Amino acid sequence: QVQLVESGGGSVQAGGSLRLSCAASGRTSGRTFSSYAMGWFRQAPGKERELVAAISWSGGSTYYADSVKGRFTISNGNARNTVYLQMNSLKPEDSAVYFCAAGTDPPVWRNSRYNIGPEYEYNYWGQGTQVTVSS
């Protein structure tokens with residue numbers, strides 16, 4: 001069984017920072033879980049879930065939604081299958097439940113990068129952590 005465990009959510013004032021962490025563990029198909037990409041999604045009340053940021057297992061390919069470029073940074077941890085999301089200059093519109101996700105299918109290589117954006121299938125999910133940004 002595979003588990004993705006998030007931590008680091010909370011409440012902060014606009015302009016502040018938070019750092020989310022996610023660690024994936026377990027076994028699948030008789031092997032230790034291993035992903036090709038991990039990402040952070042978010043979903044606010046009444047809105048669709050959106051991919052905020054993603055990173056390939058090597059760290060060589062990343063994806064950021066336009067709304068967070070220049071403010072959020074995704075990175076891999078030293079341990080395999082761990083990922084962090086550093087969120088700076090937070091805005092009230094960043095308030096949402098943030099979900100960690102992992103994909104186990106090889107991503108497509110296109111335009112000198114791995115395609116790990118919204119069109120890539122993330123097939124393992126965490127429970128989510130609440131981020132609330134007050135004005």
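Quick caveat, the model's predicted, so the values are computed rather than measured.
The local environment of CD in Q130 is crowded, with over 12 non-hydrogen atoms from other residues, nucleotides or ligands closer than 6.0 Å. The neighbour count for Q3 CD, taken as heavy atoms of other residues, nucleotides or ligands under 6.0 Å away, does not exceed 12. Residue-environment remark: CD (Q1) stays at or below the threshold of 12 foreign heavy atoms within 6.0 Å.
Taking each heavy atom of N88 and S17 in turn, the nearest pair found is OD1-OG, 2.9 Å. What you find for E50 and S67 is that their closest heavy atoms are OE1-OG, 4.5 Å. Residue N78 comes nearest to T82 through the heavy atom pair N-OG1, 4.2 Å, listed as atom of the first residue, atom of the second, then distance.
In this structure a side-chain-to-backbone donor-acceptor pair under 3.5 Å is missing from Y64 to G70. N81 places a side-chain N or O within 3.5 Å of a backbone atom of S35 that can act as its donor or acceptor partner. Of the possible donor and acceptor atoms, none in the side chain of T132 sits under 3.5 Å from a partner among the backbone N and O of S95. Between the side chain of R71 and the backbone N or O of S89 there is at least one donor-acceptor pair closer than 3.5 Å. With S61 contributing its side chain and S56 its backbone, the two residues share no donor-acceptor pair below 3.5 Å.
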Open item on the list: Pair T28, T104 - check side chain to side chain contact (heavy atoms under 4.5 Å, CB included), show working.
Closed with: CA-CA 10 Å; T28 179; T104 55; 5.7 Å; no
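Cluster annotation: M38 and Y84 are assigned to distinct hydrophobic clusters (Ile/Leu/Val/Met/Phe/Trp/Tyr, side-chain heavy-atom contacts under 4.5 Å, transitive).
Interatomic distance, S135 OG to E93 CD, rounded to the nearest 0.5 Å: 10.0 Å.
In this structure the side chain of L20 reaches within 4.5 angstrom of the side chain of T129, judged on heavy atoms. In this structure, the side chains of Q86 and S75 stay at 4.5 Å or more apart for every pair of heavy atoms. Using a 4.5 Å cut-off on side-chain heavy atoms (C-beta onward), R42 and D94 make contact.
Within the hydrophobic cluster formed by Ile, Leu, Val, Met, Phe, Trp and Tyr side chains joined at under 4.5 Å, directly or through other members, Y36 is accompanied by F41, L51, W57, Y63, V97, F99, W109, Y114, I116, Y120, Y122, W125.
The stretch residues 1-28 participates, sequence neighbours left out, in no salt bridge (charged side-chain N to carboxylate O under 4.0 Å, His left out) pair at all.
Y98 and F72 have tilted rings, their planes meeting at an angle from 30° to 60° on a 0 to 90° scale.
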